[in-house]
Amino acid sequence: MRLSLQRHTAKLGSKIRLPILLCLLVMLSVSGVGQESRLSLGFWHQQSFSLKLAMEALQRSQKIILKNGSTELPKTKDFSGDINFNSRSFVWHPNFLTIDLNAQYRPALKKEEFLVIPDRSEVRTADSYRINGLFFPRRPFTFNVFATYGHSFINRELVTNLETFSNNYGGNFSLRWAKFLTKLSYRNIDWRQEELETNRVFRNKNTIWEAEISRSFTDKGDNHRLRLSSQDFSRQYAEYDQVRNKSKIADFQSHLSFGGNLRNRLLTAANYYKQTGDTPFERFSLTENVLMDLPKNFDFNGNLQFIKFRQNGFRSDLTSATTQLQHQLFLSLRSMIYLEWSQNNQSSFTELNNAAGLNFRYTKKIPTGLLQLHYNFEFRKLDRDANLITVSIVDEQHTLDDQSTVLLDNPFVDLSTVLVTDETGTIIYQENIDYILIPRGDFVEIRRLPGGQIENGQTVYIDYEVTQQIGFRYDQISKSWGGSLGLLNQFIQGYYREFTQDYNNVQLINPELLKYITQKVYGVKVDARFISTGFERDEYQTNIVPYEADRFYAEFHHTFWNKLNLLLTGSKWDYYLIDDKEEQKFWDASGRLAYYLTRSARLTLETGYRMQEGRGLDLELYNFRGEFRMRYRQLELIFGAQFYRRTFIQETNNFDGYYFRLERIFR
C-alpha cells in the first residue's frame with residue numbers, strides 16, 4: 001500500500017513546529033508547578049483541570065511483495081506531539097450549568113507513505129474534541145447538549161488499516177416527576193471510514209429523534225417504558241449505490257413482579273418498526289414471558305411470541321410458544337423438561353414445528369476430584385406445506401471462527417445472491433476480501449478471511465436466495481450425553497461427549513439433504529500449578545461435511561522472584577475433510593514477558609506466531625514487540641520496537657518499526 005500524504009503535511013507544515021517545541025520545553029521543567037484545582041473568574045468557576053503533554057518519535061519501514069511480483073517499499077519518519085486536555089467547570093452555580101471539555105491533538109512532522117502500523121487491534125487518535133453542557137444537573141429537570149469530533153486510525157488483526165472521521169452533536173431533555181421519567185433527545189451522526197489498503201470507503205449519516213417515558217407503580221421491582229423514535233439515515237459502501245431510509249419505531253417494555261416474590265415476573269415486550277425508502281419493510285413483534293418460583297425447588301418459564309413481517313410482497317407470520325419446568329435436587333442434580341410449538345405462515349409455505357425434550361446435569365464431589373455427567377434428548381416434528389419456489393432468506397446468523405466449519409442452513413443456494421453484513425446491516429462485507437464461499441455438495445461453507453473486516457469469532461448476518469423444496473414431513477431425534485472426571489484436585493481431567501441426530505418418518509424430501517450426524521469428542525487435560533496441557537479429538541461423521549480434527553494445546557504461566565512474569569501458549573489444530581480429501585492445519589503460539597527492573601521501570605516483550613494451511617486459507621504470520629517504560633518524578637519515558645512478517649496467499653508484507661515517547665501530566 002502506498003498512500004500520498006502531502007495533503008496532510010502541507011497543511012500542518014510550519015504550524016506544528018511551535019506546539020511541538022513548546023511541549024518539549026514544558027515537559028523538561030520537571031519541578032514546575034501544576035495548575036490549581038479550583039479557579040474563579042466572575043460567573044465562570046473552574047473545578048478541575050488536567051493537561052497531558054507528550055512527544056513521540058517514530059521510524060518505520062515496510063516491504064510488500066504483491067502477487068504479481070512487484071514490490072512496494074513504504075517508509076515513515078514521524079516526530080509528533082500529543083496534547084490531551086480535560087476540564088470541568090460551572091457557570092454561576094454548580095446546579096445551573098456544568099461544562100466538560102475534552103480535547104486531544106497530535107501535531108506532527110512526518111514523511112509518511114503509510115499511516116498505520118500492522119499490529120494488534122488498536123486505535124491511534126489523530127485529533128478529537130468534545131464539549132458537553134449540562135443545565136440544572138441536580139434538579140428534576142435537566143437539559144444536556146454535546147458536540148464531538150473524532151479523527152483516528154485503526155488497525156485490526158495485524159492486517160487491516162482504517163482511517164475514520166466522525167461528527168456527532170445533539171442534546172436531550174429529561175424530567176423526573178413523582179415516579180415518571182420523561183426524556184426527549186436528538187442526535188446527528190456523520191461517520192466516514194476508509195480502508196487504506198483497498199481504498200474501500202463507507203459513509204454513514206444518521207439523524208435520530210427519540211422520546212421516552214417510564215413509570216414504576218410500586219417499589220417491588222416493576223418498571224414500564226415506552227420509547228418512540230424517528231430516524232433518517234443514509235449509507236454508501238464502496239462501489240455500492242447510496243441507500244437512504246426513514247424509519248418510525250415504537251417500543252414498549254414492561255417488568256412486573258407478582259405474588260410477593262421478586263423472582264415471579266411477567267415480562268412484556270412489544271415493538272413496531274416501519275421503514276420507508278430504498279429498503280422498505282414493516283415489522284411487529286409481541287413477546288410475553290412469565291417466570292415463576294414454585295415450591296419444592298421447581299422453576300417454571302413460559303414464553304409466547306408473535307412476529308409479523310412484510311417486505312416487497314413477502315410476508316411472514318410466526319407464532320410460537322415454549323414452556324420449561326426445572327427442578328434442583330440437593331446440589332447435585334439439575335433436571336428440565338420442555339415443550340415447544342411454532343407455526344410459520346410465509347408467502348411460499350406454511351410450517352408447523354413441534355418439539356419436546358428433557359435434560360439432566362449431575363455434579364458430584366468425589367475424593368480429591370469432581371465427577372460431572374449430562375444427558376439431553378429432543379424429539380422434533382416438522383411439517384411443511386410448500387411449492388417449488390425461490391425463497392429469500394433474511395438475516396441468517398452465523399458465528400465465523402477460524403477453527404470451525406460453518407455451513408449455510410439451506411441447500412441449493414444461489415451464490416450470486418449472497419449478501420453478508422454486520423449486526424446493524426450497515427457494513428456490507430465483500431466476497432474474496434472479507435470472506436469466501438466454498439461449495440460442499442448441495443450446501444455452501446462460509447469462511448472469513450484474515451485481514452478482512454470480519455473479526456475472528458464475529459457473528460454475521462447473511463441474506464440469500466434458495467430454491468425451496470416442495471412440502472415435506474419428518475421426525476428428528478437428537479441425543480447428547482457425556483461427562484468429565486477430574487482427579488487430584490483437578491490436576492488431571494478427562495472428558496467425553498457424544499451427539500447424534502437422526503430422522504424417522506421422512507416423507508416428500510430428498511433424504512440426502514437432511515443432516516445425519518454422529519459426533520464424538522474426547523480429550524484429556526493436565527493442569528499443574530503453572531503448566532497446563534491437553535489433547536482433544538473430534539470425530540464428526542455426517543452426510544454433509546464429515547471431518548476429523550485433532551487439537552494439542554499447552555500453556556505456561558509463572559512469576560519469578562516477584563519481578564518477572566512469563567506467559568507462553570501454543571496450540572495445533574489438524575482438520576481432515578473426509579469427502580473432499582482436504583486437509584486444514586492451524587498453528588498458534590504466543591509469549592509475553594514482563595520484567596520489573598525497579599518499581600518505576602518495566603521491560604515488556606511480546607511475540608506471536610500463526611500459520612494456517614488450506615484452500616484459500618494459506619497464511620504465515622509472525623510479530624514481535626518490545627517496550628521499555630520508565631517513570632522519573634513527573635516524566636514518563638517509553639521506548640519500543642516492533643517487527644512483523646506476514647505471507648498470505650502469495651503476498652508478503654514485512655514491517656520494522658521503532659518508537660520513542662516522552663510524557664508529562666499536569667493537574
Side-chain angles (χ1 to χ4, degrees), residues 1-5 7-8 114-129 147-170 187-208 231-247 275 277-281 394-400 416-437 446-464:
M1 173 189 63
R2 183 177 297 273
L3 299 175
S4 175
L5 294 184
R7 66 181 187 273
H8 295 289
F114 61 96
L115 291 178
V116 186
I117 59 174
D119 190 15
R120 294 176 178 80
S121 301
E122 66 179 16
V123 177
R124 296 180 61 217
T125 300
D127 52 301
S128 66
Y129 310 93
T148 65
Y149 167 80
H151 175 207
S152 61
F153 300 102
I154 307 170
N155 60 304
R156 183 171 57 219
E157 280 208 295
L158 308 164
V159 285
T160 304
N161 298 328
L162 308 170
E163 182 177 13
T164 302
F165 297 87
S166 63
N167 293 283
N168 188 359
Y169 63 87
R187 281 185 296 162
N188 186 286
I189 302 169
D190 188 348
W191 184 80
R192 181 180 181 274
Q193 187 177 85
E194 178 181 356
E195 272 194 356
L196 301 180
E197 292 182 339
T198 62
N199 294 321
R200 295 189 296 174
V201 178
F202 172 64
R203 185 74 179 265
N204 182 30
K205 294 183 178 181
N206 201 352
T207 302
I208 305 171
Q231 298 187 28
D232 185 348
F233 59 93
S234 64
R235 68 173 186 267
Q236 186 168 11
Y237 185 67
E239 72 277 9
Y240 293 93
D241 294 334
Q242 184 183 38
V243 176
R244 182 169 183 177
N245 295 291
K246 294 183 178 181
S247 64
Q275 181 170 292
D278 294 324
T279 54
F281 68 86
V394 179
D395 285 348
E396 181 176 298
Q397 299 182 35
H398 289 287
T399 299
L400 304 187
S416 65
T417 64
V418 174
L419 180 68
V420 184
T421 68
D422 70 332
E423 180 181 9
T424 65
T426 56
I427 298 180
I428 302 173
Y429 302 117
Q430 292 192 4
E431 186 179 2
N432 298 322
I433 297 178
D434 301 313
Y435 66 92
I436 58 173
L437 299 174
I446 181 171
R447 275 194 177 271
R448 79 178 196 101
L449 287 177
Q453 292 200 82
I454 303 175
E455 300 181 20
N456 188 27
Q458 179 181 334
T459 298
V460 297
Y461 292 73
I462 308 173
D463 299 349
Y464 58 91

Nearest 0.5 angstrom please: [X] [atom1] to [Y] [atom2], how far?
| X | Y | atom1 | atom2 | answer |
| --- | --- | --- | --- | --- |
| Ile446 | Glu431 | CD1 | CD | 8.5 Å |
| Arg187 | Asn168 | CZ | CG | 7.0 Å |
| Ser166 | Asn204 | OG | CG | 11.5 Å |
| Tyr429 | Arg448 | OH | CZ | 11.0 Å |
| Phe281 | Gln275 | CZ | CD | 4.5 Å |
| Ile208 | Ser247 | CD1 | OG | 8.5 Å |

Just so I know, are the side chains of [X] and [Y] near enough to count as touching, which here means a heavy-atom distance under 4.5 Å?
| X | Y | result |
| --- | --- | --- |
| Gln193 | Arg203 | no |
| Trp191 | Thr164 | yes |
| Ser234 | Lys205 | yes |
| Ile454 | Val460 | yes |
| Phe202 | Gln236 | no |
| Leu400 | Arg447 | no |
| Gln231 | Thr207 | no |

Legend entry - Shortest non-hydrogen contact from Asn167 toward Tyr149: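 Taking Asn167 first and Tyr149 second, the nearest heavy atoms are OD1-CD1, 3.1 Å.
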
Legend entry - Minimum heavy-atom distance between Gln242 and Asp278, given as atom pair plus value: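 Residues Gln242 and Asp278, closest heavy atoms: O-OD2, 3.6 Å.
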
Inset, instruction - Show the numbers, then the answer: is there a side-chain contact (heavy atoms from CB on, under 4.5 Å) between Phe233 and Asn245? - result: CA-CA 6 Å; Phe233 59 93; Asn245 295 291; 3.7 Å; yes

Inset, instruction - Applying side-chain hydrogen bond (donor to acceptor under 3.5 Å, both in side chains), name anything that partners Asp232, two or more places apart in sequence or on another chain. - result: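 Asp232 satisfies side-chain hydrogen bond (donor to acceptor under 3.5 Å, both in side chains) with Arg244 only.
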
Legend entry - From CA spacing to verdict: side-chain contact (heavy atoms from CB on, under 4.5 Å), Leu419, Thr417: CA-CA 6 Å; Leu419 180 68; Thr417 64; over 6 Å; no

Legend entry - Those residues that, when tested against Tyr129, pass ring-ring contact (aromatic ring centres under 6.0 Å, His included) (two or more places apart):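 Partners of Tyr129 by the ring-ring contact (aromatic ring centres under 6.0 Å, His included) criterion come out as none, since no residue qualifies.
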
Legend entry - Distance-only donor-acceptor check, side chains Gln397 and Thr459, under 3.5 Å: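 No - no donor-acceptor pair under 3.5 Å links their side chains.
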
Inset, instruction - In sequence, state the C-alpha distance, the side-chain angles, and the governing distance for Glu396 and Tyr464, and then conclude on side-chain contact (heavy atoms from CB on, under 4.5 Å). - result: CA-CA 9 Å; Glu396 181 176 298; Tyr464 58 91; 2.5 Å; yes

Inset, instruction - Report the residues that fulfil salt bridge (charged side-chain N to carboxylate O under 4.0 Å, His left out) with Asp463, sequence neighbours left out, ordered by chain and then residue number. - result: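 Once residues adjacent in sequence are excluded, Asp463 has no partner under the salt bridge (charged side-chain N to carboxylate O under 4.0 Å, His left out) criterion.
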
